[in-house]
Amino acid sequence: MMSNLHDVIRLEGFLSRQEVCMEAGNQSTSDIVLEGVRKRFELAKGQVIDAVEHVDLNIAGGEFIALIGPSGCGKSTLLRMVAGLETPSHGQIKIAGQTPNECIKQQKLGIAMQEHGLMPWLSAWDNIALPFRLAGLPVDIDRVHELLALVGLDEFANALPKQLSGGMKQRVSIARALALEPQVLILDEPFGALDAVTRRLMNNELQRIWSRKPTTTILVTHSVEEAVFLADRVCLMSPRPGRLALVEPITLERPRSLETMQTAEFRNLLAKLTAALDEVCMSAPAQ
Amino acid sequence: MYVGTCPVNFISEALKWVVGLGMLFVLWEVAGQQSWLGKALPPLSSIVSYAMEPRSYELLMRSASITASNALYGFLIGSIVGWAIACSGQIWPPMKKGLDTLSTFVNAIPLIALGPLLIVTVGEQSTPMATAALAVFFTVFVAVLGGFERVPSVHDDVIRTYGVTRWRALCFIEFPNALPSLIDGLKLGASSAVLGAILGEWFGAPAGLGVLIVSAMQNFQINLLWSAAFLGTAMSGIGFFVLALLQQKLLPRLGW
Ligand SMILES: Nc1ncnc2c1ncn2[C@@H]1O[C@H](COP(=O)(O)OP(=O)(O)OP(=O)(O)O)[C@@H](O)[C@H]1O
Ligand SMILES: [Mg+2]
(Lines give C-alpha, C1' and ligand atoms only; values in the text may rest on other atoms or scores of the structure.)
(Ligands and ions follow the chains in the order given, each with its own letter.)
Protein backbone atom coordinates (compact mmCIF):
# COMPACT_ATOMS: atom_id res chain seq x y z
CA MET A 1 0.00 0.00 0.00
CA MET A 2 2.75 2.38 1.05
CA SER A 3 4.82 1.59 -1.98
CA ASN A 4 1.82 2.20 -4.19
CA LEU A 5 1.38 5.58 -2.62
CA HIS A 6 5.00 6.33 -3.33
CA ASP A 7 4.54 5.37 -6.92
CA VAL A 8 1.62 7.69 -7.24
CA ILE A 9 3.57 10.60 -5.81
CA ARG A 10 6.48 9.95 -8.11
CA LEU A 11 4.04 9.60 -10.95
CA GLU A 12 2.62 13.03 -10.30
CA GLY A 13 6.10 14.48 -10.64
CA PHE A 14 6.61 12.64 -13.86
CA LEU A 15 3.32 13.73 -15.29
CA SER A 16 3.64 17.36 -14.41
CA ARG A 17 6.94 17.41 -16.24
CA GLN A 18 5.16 16.09 -19.27
CA GLU A 19 2.57 18.78 -18.92
CA VAL A 20 5.31 21.39 -19.13
CA CYS A 21 6.52 19.76 -22.29
CA MET A 22 3.05 20.02 -23.71
CA GLU A 23 2.64 23.65 -22.86
CA ALA A 24 5.95 24.33 -24.51
CA GLY A 25 3.92 23.89 -27.64
CA ASN A 26 4.58 20.54 -29.20
CA GLN A 27 0.88 19.81 -29.22
CA SER A 28 1.44 18.01 -32.42
CA THR A 29 -0.43 17.57 -35.60
CA SER A 30 0.22 13.86 -35.38
CA ASP A 31 -2.88 12.68 -37.18
CA ILE A 32 -2.66 9.40 -39.03
CA VAL A 33 -4.38 8.77 -42.33
CA LEU A 34 -4.77 5.27 -43.73
CA GLU A 35 -6.10 5.18 -47.27
CA GLY A 36 -7.06 1.94 -48.97
CA VAL A 37 -4.32 0.08 -47.16
CA ARG A 38 -3.80 -3.54 -48.12
CA LYS A 39 -1.10 -6.04 -47.39
CA ARG A 40 -0.45 -9.20 -49.35
CA PHE A 41 2.37 -11.49 -48.29
CA GLU A 42 3.99 -13.50 -51.04
CA LEU A 43 4.90 -16.93 -49.81
CA ALA A 44 7.00 -19.54 -51.53
CA LYS A 45 5.56 -21.34 -54.60
CA GLY A 46 3.49 -18.37 -55.65
CA GLN A 47 1.13 -18.68 -52.70
CA VAL A 48 -0.15 -15.43 -51.28
CA ILE A 49 -1.71 -14.41 -48.00
CA ASP A 50 -3.94 -11.37 -47.88
CA ALA A 51 -3.32 -10.21 -44.33
CA VAL A 52 -5.05 -6.83 -44.53
CA GLU A 53 -7.68 -5.90 -47.07
CA HIS A 54 -8.62 -2.34 -47.69
CA VAL A 55 -8.47 -0.35 -44.48
CA ASP A 56 -9.52 3.30 -44.53
CA LEU A 57 -9.12 5.15 -41.26
CA ASN A 58 -8.53 8.71 -40.17
CA ILE A 59 -7.02 9.05 -36.74
CA ALA A 60 -7.01 12.53 -35.27
CA GLY A 61 -3.91 13.89 -33.57
CA GLY A 62 -3.95 12.82 -29.94
CA GLU A 63 -6.65 10.24 -30.45
CA PHE A 64 -6.55 6.84 -28.75
CA ILE A 65 -7.52 3.97 -31.03
CA ALA A 66 -7.97 0.40 -29.81
CA LEU A 67 -7.82 -2.37 -32.37
CA ILE A 68 -9.51 -5.66 -31.62
CA GLY A 69 -10.17 -8.74 -33.69
CA PRO A 70 -9.64 -12.48 -33.81
CA SER A 71 -6.13 -13.89 -33.80
CA GLY A 72 -4.44 -13.77 -37.18
CA CYS A 73 -6.75 -11.11 -38.63
CA GLY A 74 -3.90 -8.75 -39.46
CA LYS A 75 -3.76 -6.41 -36.46
CA SER A 76 -0.01 -6.69 -36.02
CA THR A 77 0.48 -6.36 -39.76
CA LEU A 78 -1.52 -3.14 -39.78
CA LEU A 79 0.53 -1.77 -36.89
CA ARG A 80 3.77 -2.76 -38.57
CA MET A 81 2.71 -0.83 -41.64
CA VAL A 82 1.96 2.28 -39.58
CA ALA A 83 5.35 1.86 -37.91
CA GLY A 84 7.09 1.63 -41.28
CA LEU A 85 8.19 -1.95 -40.69
CA GLU A 86 6.17 -3.25 -43.64
CA THR A 87 5.16 -1.40 -46.77
CA PRO A 88 1.51 -1.62 -47.81
CA SER A 89 0.92 -3.51 -51.06
CA HIS A 90 -1.71 -0.91 -51.92
CA GLY A 91 -2.82 2.41 -50.54
CA GLN A 92 -0.88 4.75 -48.37
CA ILE A 93 -0.26 5.74 -44.78
CA LYS A 94 0.53 9.29 -43.76
CA ILE A 95 1.48 10.43 -40.28
CA ALA A 96 1.17 14.20 -39.93
CA GLY A 97 1.45 14.35 -43.70
CA GLN A 98 4.65 12.34 -43.77
CA THR A 99 5.37 8.75 -44.65
CA PRO A 100 6.14 6.45 -41.70
CA ASN A 101 9.76 6.28 -42.80
CA GLU A 102 10.14 10.04 -42.60
CA CYS A 103 8.66 9.98 -39.09
CA ILE A 104 11.10 7.29 -38.07
CA LYS A 105 14.03 9.50 -39.00
CA GLN A 106 12.71 12.15 -36.61
CA GLN A 107 12.19 9.66 -33.78
CA LYS A 108 8.49 10.48 -33.65
CA LEU A 109 7.35 6.91 -33.09
CA GLY A 110 7.36 4.87 -29.93
CA ILE A 111 6.69 1.20 -30.40
CA ALA A 112 6.18 -1.76 -28.09
CA MET A 113 5.65 -4.89 -30.11
CA GLN A 114 4.00 -8.18 -29.23
CA GLU A 115 7.44 -9.69 -28.57
CA HIS A 116 9.23 -7.44 -26.13
CA GLY A 117 12.46 -7.20 -28.15
CA LEU A 118 14.62 -6.19 -25.19
CA MET A 119 18.38 -6.55 -25.47
CA PRO A 120 19.34 -9.55 -23.32
CA TRP A 121 22.72 -8.04 -22.42
CA LEU A 122 21.28 -4.77 -21.10
CA SER A 123 19.74 -4.19 -17.68
CA ALA A 124 16.20 -2.87 -17.44
CA TRP A 125 17.64 0.61 -16.94
CA ASP A 126 19.91 0.37 -19.96
CA ASN A 127 17.15 -1.07 -22.10
CA ILE A 128 15.02 1.98 -21.37
CA ALA A 129 18.01 4.25 -22.02
CA LEU A 130 18.72 2.50 -25.33
CA PRO A 131 16.55 4.77 -27.54
CA PHE A 132 18.61 7.78 -26.41
CA ARG A 133 21.83 6.02 -27.36
CA LEU A 134 20.40 4.76 -30.63
CA ALA A 135 19.37 8.30 -31.52
CA GLY A 136 22.76 9.67 -30.49
CA LEU A 137 21.23 11.78 -27.72
CA PRO A 138 22.62 12.19 -24.22
CA VAL A 139 20.78 9.82 -21.89
CA ASP A 140 18.25 11.70 -19.77
CA ILE A 141 18.97 9.90 -16.51
CA ASP A 142 16.03 11.38 -14.62
CA ARG A 143 13.65 10.43 -17.34
CA VAL A 144 14.86 6.84 -17.38
CA HIS A 145 14.37 6.62 -13.62
CA GLU A 146 10.92 8.14 -13.88
CA LEU A 147 9.93 5.66 -16.56
CA LEU A 148 11.19 2.77 -14.46
CA ALA A 149 9.10 4.01 -11.55
CA LEU A 150 6.16 4.55 -13.86
CA VAL A 151 6.07 0.89 -14.81
CA GLY A 152 6.74 -0.06 -11.19
CA LEU A 153 10.18 -1.54 -11.70
CA ASP A 154 12.50 0.87 -9.93
CA GLU A 155 13.78 -1.97 -7.77
CA PHE A 156 14.74 -3.89 -10.86
CA ALA A 157 16.84 -1.22 -12.53
CA ASN A 158 19.88 -3.49 -12.68
CA ALA A 159 18.10 -6.72 -13.53
CA LEU A 160 18.80 -8.36 -16.86
CA PRO A 161 15.79 -9.34 -19.00
CA LYS A 162 16.32 -13.03 -18.22
CA GLN A 163 15.86 -12.16 -14.54
CA LEU A 164 12.48 -10.53 -15.19
CA SER A 165 9.10 -12.17 -15.58
CA GLY A 166 7.24 -11.96 -18.87
CA GLY A 167 5.00 -9.15 -17.66
CA MET A 168 7.95 -7.21 -16.30
CA LYS A 169 9.70 -7.47 -19.64
CA GLN A 170 6.62 -6.09 -21.34
CA ARG A 171 6.54 -3.20 -18.92
CA VAL A 172 10.19 -2.40 -19.63
CA SER A 173 9.34 -2.52 -23.31
CA ILE A 174 6.51 0.01 -22.80
CA ALA A 175 8.84 2.27 -20.84
CA ARG A 176 11.34 2.04 -23.68
CA ALA A 177 8.65 3.01 -26.18
CA LEU A 178 7.90 6.12 -24.10
CA ALA A 179 11.55 7.12 -23.63
CA LEU A 180 11.85 9.73 -26.38
CA GLU A 181 8.38 11.24 -25.75
CA PRO A 182 7.01 10.00 -29.06
CA GLN A 183 4.19 11.75 -30.88
CA VAL A 184 2.74 8.45 -31.99
CA LEU A 185 2.60 5.46 -29.70
CA ILE A 186 2.09 2.01 -31.16
CA LEU A 187 1.36 -0.80 -28.72
CA ASP A 188 0.81 -4.40 -29.78
CA GLU A 189 -0.80 -6.34 -26.94
CA PRO A 190 1.52 -4.77 -24.39
CA PHE A 191 -0.34 -6.22 -21.44
CA GLY A 192 -0.82 -9.70 -22.83
CA ALA A 193 1.30 -11.38 -20.17
CA LEU A 194 -0.03 -9.45 -17.17
CA ASP A 195 -2.44 -10.67 -14.52
CA ALA A 196 -5.84 -8.98 -14.36
CA VAL A 197 -4.98 -6.71 -11.43
CA THR A 198 -1.65 -5.46 -12.76
CA ARG A 199 -3.31 -5.11 -16.10
CA ARG A 200 -5.93 -2.75 -14.69
CA LEU A 201 -3.22 -0.79 -12.91
CA MET A 202 -1.27 -0.51 -16.12
CA ASN A 203 -4.39 0.53 -17.99
CA ASN A 204 -4.87 3.27 -15.46
CA GLU A 205 -1.28 4.41 -15.85
CA LEU A 206 -1.53 4.33 -19.60
CA GLN A 207 -4.67 6.44 -19.44
CA ARG A 208 -2.93 8.98 -17.23
CA ILE A 209 0.18 9.17 -19.38
CA TRP A 210 -2.01 9.62 -22.38
CA SER A 211 -4.39 12.19 -20.87
CA ARG A 212 -1.58 14.45 -19.69
CA LYS A 213 0.10 14.42 -23.04
CA PRO A 214 -2.38 13.27 -25.66
CA THR A 215 -0.25 11.13 -27.89
CA THR A 216 -1.80 9.57 -30.93
CA THR A 217 -2.00 5.97 -29.80
CA ILE A 218 -2.91 2.73 -31.52
CA LEU A 219 -3.31 -0.18 -29.14
CA VAL A 220 -3.93 -3.75 -30.16
CA THR A 221 -5.61 -5.81 -27.48
CA HIS A 222 -7.55 -9.02 -27.03
CA SER A 223 -9.48 -7.58 -24.13
CA VAL A 224 -12.65 -5.76 -25.16
CA GLU A 225 -12.86 -4.33 -21.66
CA GLU A 226 -9.41 -2.81 -21.98
CA ALA A 227 -10.30 -1.40 -25.39
CA VAL A 228 -13.47 0.30 -24.13
CA PHE A 229 -11.74 1.57 -21.01
CA LEU A 230 -8.89 3.25 -22.86
CA ALA A 231 -9.98 4.20 -26.32
CA ASP A 232 -11.69 7.09 -28.03
CA ARG A 233 -12.66 4.68 -30.77
CA VAL A 234 -12.58 0.91 -30.90
CA CYS A 235 -11.91 -0.62 -34.30
CA LEU A 236 -13.03 -4.18 -34.82
CA MET A 237 -11.26 -6.14 -37.53
CA SER A 238 -12.84 -9.08 -39.30
CA PRO A 239 -10.94 -12.36 -39.75
CA ARG A 240 -8.30 -12.59 -42.42
CA PRO A 241 -8.16 -10.87 -44.78
CA GLY A 242 -8.67 -8.17 -42.19
CA ARG A 243 -10.81 -5.16 -42.79
CA LEU A 244 -12.62 -2.88 -40.41
CA ALA A 245 -15.92 -4.49 -39.56
CA LEU A 246 -16.96 -1.85 -37.06
CA VAL A 247 -15.64 1.44 -35.70
CA GLU A 248 -17.28 2.31 -32.40
CA PRO A 249 -16.79 5.74 -30.83
CA ILE A 250 -16.46 5.53 -27.05
CA THR A 251 -17.88 8.70 -25.56
CA LEU A 252 -17.42 7.75 -21.90
CA GLU A 253 -16.29 10.70 -19.85
CA ARG A 254 -12.62 10.97 -18.95
CA PRO A 255 -10.81 10.35 -16.72
CA ARG A 256 -12.27 6.88 -16.59
CA SER A 257 -11.94 4.90 -13.41
CA LEU A 258 -13.01 1.64 -11.85
CA GLU A 259 -16.41 3.26 -11.26
CA THR A 260 -16.71 3.99 -14.95
CA MET A 261 -16.50 0.27 -15.54
CA GLN A 262 -19.58 -0.22 -13.38
CA THR A 263 -21.76 2.19 -15.33
CA ALA A 264 -24.53 0.98 -17.57
CA GLU A 265 -23.05 2.84 -20.50
CA PHE A 266 -19.76 0.99 -20.17
CA ARG A 267 -21.51 -2.35 -19.77
CA ASN A 268 -23.64 -1.71 -22.84
CA LEU A 269 -20.65 -0.82 -24.98
CA LEU A 270 -18.81 -3.86 -23.69
CA ALA A 271 -21.76 -6.14 -24.47
CA LYS A 272 -22.24 -4.62 -27.90
CA LEU A 273 -18.61 -4.97 -28.91
CA THR A 274 -18.27 -8.45 -27.47
CA ALA A 275 -21.30 -9.54 -29.44
CA ALA A 276 -19.92 -7.92 -32.58
CA LEU A 277 -16.58 -9.69 -32.06
CA ASP A 278 -18.35 -13.01 -31.61
CA GLU A 279 -20.33 -12.39 -34.74
CA VAL A 280 -17.31 -11.63 -36.97
CA CYS A 281 -15.55 -14.68 -35.62
CA MET A 282 -18.53 -16.94 -36.27
CA SER A 283 -19.16 -15.64 -39.77
CA ALA A 284 -15.58 -16.37 -40.72
CA PRO A 285 -15.27 -18.80 -43.60
CA ALA A 286 -13.62 -22.03 -42.49
CA GLN A 287 -9.91 -21.75 -43.18
CA MET B 1 22.45 -19.14 -5.22
CA TYR B 2 23.94 -21.62 -7.64
CA VAL B 3 27.44 -21.01 -6.30
CA GLY B 4 27.15 -24.25 -4.38
CA THR B 5 26.57 -26.40 -7.41
CA CYS B 6 29.39 -24.86 -9.39
CA PRO B 7 32.43 -26.64 -7.87
CA VAL B 8 30.64 -29.97 -7.93
CA ASN B 9 30.03 -29.56 -11.64
CA PHE B 10 33.60 -28.52 -12.14
CA ILE B 11 35.02 -31.45 -10.19
CA SER B 12 32.85 -34.03 -11.92
CA GLU B 13 33.77 -32.45 -15.25
CA ALA B 14 37.48 -32.60 -14.39
CA LEU B 15 37.09 -36.18 -13.18
CA LYS B 16 35.65 -37.23 -16.52
CA TRP B 17 38.67 -35.76 -18.26
CA VAL B 18 41.14 -37.43 -15.93
CA VAL B 19 39.47 -40.80 -16.28
CA GLY B 20 39.17 -40.49 -20.06
CA LEU B 21 42.74 -39.38 -20.60
CA GLY B 22 44.06 -41.91 -18.08
CA MET B 23 42.42 -44.74 -19.98
CA LEU B 24 43.85 -43.47 -23.25
CA PHE B 25 47.35 -43.22 -21.76
CA VAL B 26 47.22 -46.71 -20.28
CA LEU B 27 46.09 -48.12 -23.59
CA TRP B 28 48.92 -46.23 -25.32
CA GLU B 29 51.51 -47.50 -22.89
CA VAL B 30 50.38 -51.08 -23.39
CA ALA B 31 50.27 -50.69 -27.16
CA GLY B 32 53.76 -49.22 -27.13
CA GLN B 33 55.19 -51.92 -24.85
CA GLN B 34 53.72 -54.65 -27.01
CA SER B 35 54.76 -52.82 -30.22
CA TRP B 36 51.28 -53.25 -31.69
CA LEU B 37 51.97 -50.50 -34.20
CA GLY B 38 55.67 -51.22 -34.59
CA LYS B 39 58.22 -48.52 -33.99
CA ALA B 40 55.88 -45.70 -34.97
CA LEU B 41 54.13 -45.82 -31.60
CA PRO B 42 56.64 -45.99 -28.77
CA PRO B 43 55.36 -46.47 -25.21
CA LEU B 44 54.30 -43.26 -23.53
CA SER B 45 56.91 -43.65 -20.82
CA SER B 46 59.75 -43.61 -23.33
CA ILE B 47 58.39 -40.45 -24.98
CA VAL B 48 58.13 -38.72 -21.61
CA SER B 49 61.56 -39.75 -20.43
CA TYR B 50 63.01 -38.60 -23.74
CA ALA B 51 61.31 -35.21 -23.43
CA MET B 52 62.56 -34.81 -19.88
CA GLU B 53 66.22 -35.23 -20.83
CA PRO B 54 67.86 -31.83 -20.34
CA ARG B 55 69.00 -31.44 -23.95
CA SER B 56 65.78 -32.39 -25.62
CA TYR B 57 63.75 -30.62 -22.93
CA GLU B 58 65.49 -27.34 -23.63
CA LEU B 59 65.11 -27.78 -27.41
CA LEU B 60 61.43 -28.61 -27.08
CA MET B 61 60.68 -25.66 -24.82
CA ARG B 62 62.53 -23.20 -27.02
CA SER B 63 60.68 -24.43 -30.10
CA ALA B 64 57.35 -24.51 -28.32
CA SER B 65 57.68 -20.94 -27.12
CA ILE B 66 58.47 -19.76 -30.65
CA THR B 67 55.47 -21.61 -32.05
CA ALA B 68 53.32 -20.34 -29.23
CA SER B 69 54.21 -16.75 -29.96
CA ASN B 70 53.69 -17.27 -33.71
CA ALA B 71 50.31 -18.82 -33.00
CA LEU B 72 49.32 -16.13 -30.52
CA TYR B 73 50.23 -13.21 -32.75
CA GLY B 74 48.65 -14.94 -35.71
CA PHE B 75 45.55 -15.55 -33.63
CA LEU B 76 45.33 -11.90 -32.59
CA ILE B 77 45.94 -10.51 -36.05
CA GLY B 78 43.63 -13.03 -37.74
CA SER B 79 40.78 -12.57 -35.33
CA ILE B 80 40.97 -8.77 -35.28
CA VAL B 81 41.09 -8.59 -39.07
CA GLY B 82 38.33 -11.18 -39.45
CA TRP B 83 36.15 -9.35 -36.97
CA ALA B 84 36.84 -5.93 -38.45
CA ILE B 85 36.14 -7.03 -42.01
CA ALA B 86 32.91 -8.77 -41.03
CA CYS B 87 31.82 -5.56 -39.25
CA SER B 88 32.75 -3.35 -42.18
CA GLY B 89 30.44 -5.39 -44.39
CA GLN B 90 27.70 -4.64 -41.89
CA ILE B 91 28.33 -0.90 -42.04
CA TRP B 92 28.55 -0.78 -45.79
CA PRO B 93 26.22 -3.50 -47.13
CA PRO B 94 27.35 -3.35 -50.80
CA MET B 95 30.71 -4.61 -49.61
CA LYS B 96 29.20 -7.67 -48.00
CA LYS B 97 28.74 -9.72 -51.17
CA GLY B 98 32.26 -9.05 -52.32
CA LEU B 99 33.65 -9.96 -48.91
CA ASP B 100 31.76 -13.23 -48.87
CA THR B 101 33.19 -14.22 -52.23
CA LEU B 102 36.69 -13.09 -51.34
CA SER B 103 36.79 -14.95 -48.05
CA THR B 104 35.40 -18.14 -49.55
CA PHE B 105 38.05 -17.82 -52.23
CA VAL B 106 40.80 -17.29 -49.66
CA ASN B 107 39.55 -20.26 -47.70
CA ALA B 108 39.45 -22.48 -50.78
CA ILE B 109 43.18 -22.03 -51.39
CA PRO B 110 44.96 -24.59 -49.19
CA LEU B 111 47.38 -22.96 -46.75
CA ILE B 112 50.02 -25.34 -48.10
CA ALA B 113 49.75 -23.66 -51.50
CA LEU B 114 50.00 -20.21 -49.96
CA GLY B 115 53.21 -21.12 -48.12
CA PRO B 116 55.72 -20.46 -50.91
CA LEU B 117 53.85 -17.26 -51.79
CA LEU B 118 54.14 -16.02 -48.23
CA ILE B 119 57.84 -16.88 -48.06
CA VAL B 120 58.38 -14.55 -50.99
CA THR B 121 56.16 -11.76 -49.70
CA VAL B 122 56.52 -11.67 -45.90
CA GLY B 123 59.72 -13.69 -45.51
CA GLU B 124 60.50 -16.97 -43.78
CA GLN B 125 60.51 -15.41 -40.34
CA SER B 126 56.95 -14.11 -40.52
CA THR B 127 55.41 -16.88 -42.58
CA PRO B 128 54.25 -18.97 -39.56
CA MET B 129 52.49 -15.94 -38.12
CA ALA B 130 50.88 -15.21 -41.47
CA THR B 131 49.62 -18.76 -41.97
CA ALA B 132 48.27 -18.80 -38.42
CA ALA B 133 46.53 -15.48 -39.05
CA LEU B 134 45.03 -16.70 -42.31
CA ALA B 135 43.74 -19.86 -40.66
CA VAL B 136 42.09 -17.88 -37.87
CA PHE B 137 40.83 -15.12 -40.11
CA PHE B 138 38.35 -17.24 -41.96
CA THR B 139 36.97 -19.00 -38.89
CA VAL B 140 36.35 -15.73 -37.08
CA PHE B 141 35.04 -13.95 -40.15
CA VAL B 142 32.46 -16.64 -40.80
CA ALA B 143 31.53 -16.84 -37.12
CA VAL B 144 30.89 -13.10 -36.84
CA LEU B 145 28.89 -13.02 -40.09
CA GLY B 146 26.86 -15.94 -38.74
CA GLY B 147 26.29 -13.96 -35.57
CA PHE B 148 24.96 -11.00 -37.54
CA GLU B 149 22.58 -13.30 -39.33
CA ARG B 150 21.15 -14.46 -36.03
CA VAL B 151 20.12 -10.96 -34.89
CA PRO B 152 16.47 -11.58 -33.94
CA SER B 153 13.93 -9.90 -36.18
CA VAL B 154 12.49 -7.96 -33.20
CA HIS B 155 15.89 -6.34 -32.81
CA ASP B 156 15.90 -5.47 -36.50
CA ASP B 157 12.52 -3.86 -35.88
CA VAL B 158 14.05 -1.76 -33.09
CA ILE B 159 16.84 -0.68 -35.44
CA ARG B 160 14.32 0.36 -38.06
CA THR B 161 11.74 2.05 -35.84
CA TYR B 162 14.35 4.30 -34.28
CA GLY B 163 15.92 5.12 -37.64
CA VAL B 164 19.29 4.01 -36.28
CA THR B 165 22.45 4.72 -38.29
CA ARG B 166 24.40 1.68 -39.52
CA TRP B 167 27.25 2.44 -37.16
CA ARG B 168 25.11 2.72 -34.02
CA ALA B 169 23.10 -0.33 -34.99
CA LEU B 170 26.36 -2.24 -35.20
CA CYS B 171 27.69 -1.01 -31.86
CA PHE B 172 24.55 -1.21 -29.78
CA ILE B 173 22.59 -4.07 -31.29
CA GLU B 174 24.26 -6.16 -33.96
CA PHE B 175 27.67 -6.68 -32.48
CA PRO B 176 26.46 -7.59 -28.96
CA ASN B 177 24.13 -10.08 -30.63
CA ALA B 178 27.06 -11.58 -32.51
CA LEU B 179 29.27 -11.87 -29.44
CA PRO B 180 28.44 -15.51 -28.59
CA SER B 181 29.19 -16.47 -32.19
CA LEU B 182 32.45 -14.53 -32.09
CA ILE B 183 33.60 -16.42 -29.00
CA ASP B 184 32.60 -19.70 -30.65
CA GLY B 185 34.70 -18.72 -33.63
CA LEU B 186 37.65 -17.78 -31.42
CA LYS B 187 37.41 -21.16 -29.72
CA LEU B 188 37.76 -22.93 -33.03
CA GLY B 189 40.35 -20.38 -34.11
CA ALA B 190 42.64 -21.28 -31.20
CA SER B 191 43.47 -24.69 -32.68
CA SER B 192 43.52 -23.32 -36.23
CA ALA B 193 46.18 -20.85 -35.10
CA VAL B 194 48.50 -23.53 -33.69
CA LEU B 195 47.99 -25.67 -36.76
CA GLY B 196 48.63 -22.70 -39.03
CA ALA B 197 51.80 -21.71 -37.18
CA ILE B 198 53.26 -25.25 -37.32
CA LEU B 199 52.41 -25.47 -41.00
CA GLY B 200 54.04 -22.12 -41.66
CA GLU B 201 57.20 -23.28 -39.94
CA TRP B 202 57.54 -26.13 -42.43
CA PHE B 203 58.45 -23.63 -45.14
CA GLY B 204 61.91 -22.99 -43.83
CA ALA B 205 61.36 -20.96 -40.68
CA PRO B 206 64.50 -20.78 -38.51
CA ALA B 207 62.92 -22.50 -35.49
CA GLY B 208 59.69 -23.79 -33.95
CA LEU B 209 57.76 -26.99 -33.41
CA GLY B 210 57.10 -27.23 -37.16
CA VAL B 211 60.80 -27.21 -37.88
CA LEU B 212 61.32 -29.83 -35.19
CA ILE B 213 58.62 -32.06 -36.66
CA VAL B 214 60.10 -31.89 -40.15
CA SER B 215 63.60 -32.70 -38.98
CA ALA B 216 62.38 -35.48 -36.66
CA MET B 217 60.51 -37.05 -39.58
CA GLN B 218 63.57 -36.89 -41.80
CA ASN B 219 65.83 -38.41 -39.14
CA PHE B 220 63.23 -40.87 -37.87
CA GLN B 221 63.38 -39.51 -34.30
CA ILE B 222 60.05 -40.93 -33.26
CA ASN B 223 60.27 -39.77 -29.65
CA LEU B 224 61.03 -36.20 -30.70
CA LEU B 225 58.20 -36.29 -33.23
CA TRP B 226 55.70 -37.39 -30.62
CA SER B 227 56.95 -34.88 -28.03
CA ALA B 228 56.56 -32.02 -30.49
CA ALA B 229 53.13 -33.22 -31.52
CA PHE B 230 52.11 -33.38 -27.86
CA LEU B 231 53.22 -29.85 -27.21
CA GLY B 232 51.30 -28.59 -30.22
CA THR B 233 48.17 -30.38 -29.05
CA ALA B 234 48.57 -29.07 -25.53
CA MET B 235 48.84 -25.56 -26.92
CA SER B 236 45.58 -25.77 -28.88
CA GLY B 237 43.99 -27.41 -25.85
CA ILE B 238 44.98 -24.57 -23.56
CA GLY B 239 43.74 -21.96 -26.02
CA PHE B 240 40.45 -23.78 -26.38
CA PHE B 241 40.10 -24.18 -22.63
CA VAL B 242 40.77 -20.51 -21.87
CA LEU B 243 38.18 -19.40 -24.42
CA ALA B 244 35.68 -22.00 -23.26
CA LEU B 245 36.10 -20.68 -19.74
CA LEU B 246 35.57 -17.14 -21.00
CA GLN B 247 32.46 -18.31 -22.79
CA GLN B 248 31.10 -20.00 -19.69
CA LYS B 249 31.86 -17.21 -17.25
CA LEU B 250 31.47 -14.10 -19.35
CA LEU B 251 28.40 -14.76 -21.49
CA PRO B 252 25.94 -15.47 -18.65
CA ARG B 253 27.10 -12.29 -16.92
CA LEU B 254 26.35 -10.41 -20.11
CA GLY B 255 22.80 -11.77 -20.08
CA TRP B 256 23.16 -14.70 -22.51
N1 LIG C 1 6.03 -11.75 -42.62
C2 LIG C 1 4.95 -12.46 -42.96
N3 LIG C 1 5.00 -13.29 -44.03
C4 LIG C 1 3.93 -14.00 -44.37
N5 LIG C 1 2.75 -13.97 -43.74
C6 LIG C 1 2.63 -13.18 -42.67
C7 LIG C 1 3.74 -12.38 -42.21
N8 LIG C 1 3.32 -11.69 -41.13
C9 LIG C 1 2.05 -12.03 -40.92
N10 LIG C 1 1.63 -12.92 -41.84
C11 LIG C 1 0.27 -13.49 -41.94
O12 LIG C 1 -0.64 -12.43 -41.89
C13 LIG C 1 -1.77 -12.79 -41.13
C14 LIG C 1 -2.03 -11.75 -40.07
O15 LIG C 1 -0.98 -11.80 -39.12
P16 LIG C 1 -0.92 -10.79 -37.90
O17 LIG C 1 0.33 -11.10 -37.17
O18 LIG C 1 -1.09 -9.42 -38.41
O19 LIG C 1 -2.17 -11.23 -37.03
P20 LIG C 1 -2.70 -10.63 -35.66
O21 LIG C 1 -4.04 -10.08 -35.91
O22 LIG C 1 -1.69 -9.72 -35.07
O23 LIG C 1 -2.82 -11.93 -34.77
P24 LIG C 1 -2.59 -12.10 -33.19
O25 LIG C 1 -3.78 -11.50 -32.52
O26 LIG C 1 -2.56 -13.58 -33.01
O27 LIG C 1 -1.32 -11.43 -32.85
C28 LIG C 1 -1.52 -14.17 -40.58
O29 LIG C 1 -2.24 -15.09 -41.35
C30 LIG C 1 -0.06 -14.38 -40.77
O31 LIG C 1 0.20 -15.71 -41.07
MG1 LIG D 1 -0.42 -9.79 -33.45
Practice problem: Return yes if some donor-acceptor pair links the side-chain N/O of A:His116 with the main-chain N/O of B:Val154 below 3.5 Å, else return no. | Solution: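 Judged by distance alone, no pair lies under 3.5 Å.
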Nearest 0.5 Å, please: how far is [atom2] in [Y] from [atom1] in [X]?
X: B:Ile159; Y: A:Leu85; atom1: CD1; atom2: CG; result: 11.5 Å
X: A:Arg133; Y: B:Tyr162; atom1: CZ; atom2: OH; result: 13.5 Å
X: A:Trp121; Y: B:Phe172; atom1: CH2; atom2: CZ; result: 11.0 Å

Neighbour count >12 (heavy atoms, 6.0 Å) for atom [atom1], [X]:
X: A:Arg40; atom1: CZ; value: no
X: B:Leu24; atom1: CG; value: yes
X: A:Gln92; atom1: CD; value: yes
X: B:Tyr73; atom1: OH; value: no
X: A:Phe41; atom1: CZ; value: yes

Practice problem: Please test B:His155 against A:Met119 for side-chain contact (heavy atoms from CB on, under 4.5 Å), starting from the C-alpha separation and ending with a verdict. | Solution: CA-CA 8 Å; B:His155 290 182; A:Met119 306 297 143; 3.6 Å; yes
Between [X] and chain A, with a heavy-atom cut-off of 4.5 Å, which part of the residue counts as in contact: side chain, backbone, both or neither?
X: B:Pro180; result: neither
X: B:Ile173; result: both
X: B:Asn177; result: both
X: B:Pro152; result: neither

Self-check item: Heavy-atom proximity to chain B below 4.5 Å, by part of A:Arg80
Solution: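 Contact with chain B: side chain only.
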Please set out all donor-acceptor pairs under 3.5 angstrom arising from side-chain atoms of residues 192-200 of chain B, sequence neighbours excluded.
residue: B:Ser192; atom: OG; partner: B:Leu188; partner atom: O; Å: 3.2

Exercise. Tell me the residues of residues 99-115 of chain A whose non-hydrogen atoms fall below 4.5 Å from those of chain B, in number order.
Key: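 So the qualifying residues are A:Ile104, A:Gln107, A:Leu109, A:Ile111, A:Glu115.
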Exercise. Using heavy atoms and a sub-4.5 Å threshold, report which of residues 164-174 of chain A line up against chain B, by residue number.
Key: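 So no residue qualifies.
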Quiz item: How would you list, in number order, the residues of residues 78-99 of chain B that have a heavy atom less than 4.5 Å from chain A?
Solution: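 At a heavy-atom separation under 4.5 Å, chain A is reached by no residue of residues 78-99 of chain B.
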Exercise. Find the one option among A:Ile186, A:Leu180, A:Leu160 whose heavy-atom pairs under 4.5 Å with chain B are most numerous.
Key: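 When all of A:Ile186, A:Leu180, A:Leu160 are compared, A:Leu160 has the most.
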